[in-house]
Amino acid sequence: MISLFGLMGAFFVLLFGASYFFYRKNSPVQYGISLSSMLISIFLFLYSILGVGGFEGMGLGALAAALFLASVLSLFVSVLFTIINKHGKGAV
């Protein structure tokens, strides 16, 4: 279970780093990265159930769930940074 949380943390750092890179350039792509990874994780989860199945699909489903949670957290933090800087209460 620790490795699943580690994988989710790695996904979060990767997604948030990419979103932050585009955030610094004032590009709307910052939200597209997290949203596209959410869609990929949903399709990966459906494939793990319908395409693979069994115990092999269970591992792929856990990977998809970790990617989905990391992309949701990354999107939340990106939007939070945008709101904070829009109101001028913080410098990120």
(message) Quick check: closest heavy atoms across S48 and L60, and the distance to 0.1 Å?
(response) CB-CB, 3.7 Å

(message) Do L35 and I83 land in one hydrophobic cluster if side-chain heavy atoms of ILVMFWY residues count as linked below 4.5 Å?
(response) yes

(message) The criterion is side-chain hydrogen bond (donor to acceptor under 3.5 Å, both in side chains); which residues satisfy it with S41, sequence neighbours excluded?
(response) none

(message) Using every non-hydrogen atom in the two residues, find where S78 and S19 come nearest and quote the distance to one decimal.
(response) OG-CB, 3.5 Å

(message) Count I, L, V, M, F, W, Y as connected when their side-chain heavy atoms are under 4.5 Å apart, and connections chain through other members. Are M8 and L39 then in the same cluster?
(response) no

(message) Is there a path of hydrophobic side-chain contacts, each under 4.5 Å between heavy atoms of I/L/V/M/F/W/Y residues, joining L14 to F12?
(response) no

(request) Taking all non-hydrogen atoms of both residues into account, name the closest pair between Q30 and F22 and its distance. (result) N-CB, 3.9 Å

(message) Rounded to the nearest 0.5 Å, what separates atom CG in L67 from atom CG in L15?
(response) 6.5 Å

(request) To the nearest 0.5 angstrom, please state how far the CZ atom of F5 sits from the CG atom of L69. (result) 9.0 Å

(request) May I ask whether V29 and F21 are part of the same hydrophobic cluster, defined by side-chain heavy atoms of I, L, V, M, F, W, Y residues being less than 4.5 angstrom apart, directly or through others? (result) yes

(message) So that I know where these two stand, are F81 and F16 an aromatic pair - ring centroids less than 6.0 Å apart?
(response) yes

(message) Once rounded to the nearest 0.5 Å, what's the spacing between atom CG of L80 and atom CZ of F76?
(response) 5.5 Å

(message) Within the structure provided, determine whether V79 and Y31 are in side-chain contact (heavy-atom separation under 4.5 Å).
(response) yes

(message) So for atom CZ, which belongs to F11, do other residues, nucleotides or ligands contribute more than 12 heavy atoms lying within a distance under 6.0 Å?
(response) yes

(request) Please confirm whether the backbone N or O of G32 pairs with a side-chain atom of S36, one donor and one acceptor, at under 3.5 Å? (result) yes

(message) Do M38 and L46 land in one hydrophobic cluster if side-chain heavy atoms of ILVMFWY residues count as linked below 4.5 Å?
(response) yes

